[in-house]
Protein chains: 2
Amino acid sequence: MSTRSQLLKGILDGCVLVVIEKETVYGYELSKKLQSIGLADVSEGTIYPVLLRLQKKGWIYGEIRPSEEGPNRKYYTLTENGKKALCDIRREWSGISVAVNTLLREDENDECSTVDSGK
Amino acid sequence: MSTRSQLLKGILDGCVLVVIEKETVYGYELSKKLQSIGLADVSEGTIYPVLLRLQKKGWIYGEIRPSEEGPNRKYYTLTENGKKALCDIRREWSGISVAVNTLLREDENDECSTVDSGK
DNA sequence: GTCAACTATATTGTTTAACAAGATAGTATA
DNA sequence: TATACTATCTTGTTAAACAATATAGTTGAC
C-alpha cells in the first residue's frame, strides 16, 4: 500500500465535505473530481464508504435523481451539522498542517536530491 | 476518538523520523517533544508501537544506554534507509498538503466565525 | 437480440494505524 | 514501605483506506 494512502487518512472526510459544500455532487463524480485535484487513488471502493459514513453522522444527505445517460445518481448536500463539522476539520487541519510543515521543512539536510524516478 | 487522532494517521511516522534525524532521542523524550511541538496526544501507547514499526522496517535502530536518573533508555538513530524514507515522506506530504490546503482554504464561505470554545 | 463498455452504487474483507489501558521495572524521596 | 516519576512494552479496540466484487441501467456495435 502506498504511503499516500496512509497520509490521506482522516483528511479525506474534510475534502469530501468541501467539495459537497461547493456544489451538490454524486459519488462517481466526486471520485473523479478528487482524483483530478491531486488525491490520486480515491476510487469507488473508497468514496462510497466515506459517503455512507458521513451520511450516518448526519453531515450530508443523499437524494436520488434519475440520469438520462445511465443509472440513477445519488446527489449529496451538506447539512447544517456538516457545515459545523467542516469548520472543525478546517481548524484541526490547519493546526496539524502548520505543525507538520514546520517540522518537515527545517531543511538542515537538503540531501533529498536523490530523486531517482523510484516508484 | 478525536478528529485529530485521525488526521495524524500516516504523518506520525514522518514526524518521528524528522526528530530522530535531528538528534538521537529515546521514546519517552520523543513523546514529550512531539507534544510540545503541537501533536497533542502522542503518548506512550502511540510512540512505542511506532518506534518498533520503524525499527522493523529498518529505518531506525535502537541502542540501550543506562540513565543515571531512572531506568535504561533506548536511543534511536536514523539509518540510511530511514533517510531515504524520510525524503519520500517529505515529498508525499508536501504534495498532499498543498492539494488539501488549496481545497480547504477556498474561502467562499467564511462563516466559520462560530468559534464557541467548543471541545 | 446479445455482447461489451461505460456509468453508477453498494458491500465484504483485509490491512494498517492510533491509542487507551495496563504490566513491568528502575530510581528517588518522604 | 509507599508513592511518584521515569521509562519501555504489550494487548485489545476502533476506525479508516481500498481492493475486489456484485449489481444494475444505458448505449452502441455486430
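Scope of the values below: all heavy atoms of this structure, side chains included, with no hydrogens, waters or symmetry mates. Protein chains get the first letters and strands the later ones, always in sequence-line order, with residue 1 at the start of each.
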Please state how far atom CG in B:Leu12 lies from atom P in C:dA17, giving the value in whole angstrom units. 11 Å
In terms of the nearest nucleotide of DNA chain C, which residue is placed more toward the 5' end: A:Gly45 or A:Arg73? A:Arg73
Using whole Å, what does the distance between atom P of nucleotide C:dA17 and atom CG of B:Asp13 come to? 6 Å
Any sub-3.5 Å donor-acceptor pair from A:Gln35's side-chain atoms to A:Val42's backbone N or O? yes
When rounded to whole Å, the CD to P distance for the pair B:Glu69 and D:dT8 reads 12 Å
Give one of base, sugar-phosphate or nothing for A:Leu52, where a contact means two heavy atoms less than 4.0 Å apart. sugar-phosphate
Does C:dA18 have its OP1 or OP2 closer than 4.0 Å to a side-chain nitrogen or oxygen of B:Thr46? no
Just so I know, are the side chains of A:Asn72 and A:Ser67 near enough to count as touching, which here means a heavy-atom distance under 4.5 Å? no
Please tell me if B:Lys32 has a side-chain N or O lying less than 4.0 Å from either OP1 or OP2 of D:dA7. no
Could you tell me how far apart B:Gln35 (CD) and C:dC19 (P) are, to the nearest whole angstrom? 11 Å
Tightest non-hydrogen contact, residues A:Leu104 and B:Gly14, listed as CD2-O, 4.1 Å
Charged N to carboxylate O below 4.0 Å: is that the case for B:Lys32 and B:Glu29? no
CD of B:Glu44 versus C1' of D:dA7: gap in Å, rounded? 8 Å
Return the residues of residues 56-67 of chain A meeting this criterion: a heavy atom under 4.0 Å from some atom of DNA chain C. Order them by number, or give none. none
Shortest non-hydrogen separation from B:Gly27 to B:Leu51 and the atoms involved: CA-CD1, 3.7 Å
Atom pair distance, as rounded to whole Å: CG in A:Leu30 and P in C:dA8: 13 Å
Has the side chain of B:Thr102 got a donor or acceptor atom that lies under 3.5 Å from a matching backbone atom of B:Val98? yes
Is B:Tyr28 close enough to D:dT8 that one of its side-chain N or O atoms is under 4.0 Å from OP1 or OP2 there? no
Checking A:Leu17 against A:Trp59 for the side chain to side chain contact (heavy atoms under 4.5 Å, CB included) test, could you report, in this order, the C-alpha distance in whole Å, the side-chain angles of both residues, the deciding distance, and whether it holds? CA-CA 8 Å; A:Leu17 289 175; A:Trp59 293 355; 3.9 Å; yes
Of the candidates C:dA10, C:dT11, C:dT7, the side chain of A:Pro49 sits closest to C:dT11
Figure out the OH/P separation between B:Tyr48 and C:dA21, and round it to whole Å. 18 Å
Check the phosphate of D:dA7 against B:Tyr26, side-chain N and O only, distance under 4.0 Å to OP1 or OP2. Yes or no? yes
Nearest-angstrom distance from the residue atom CG of A:Leu51 to P of C:dA10: 8 Å
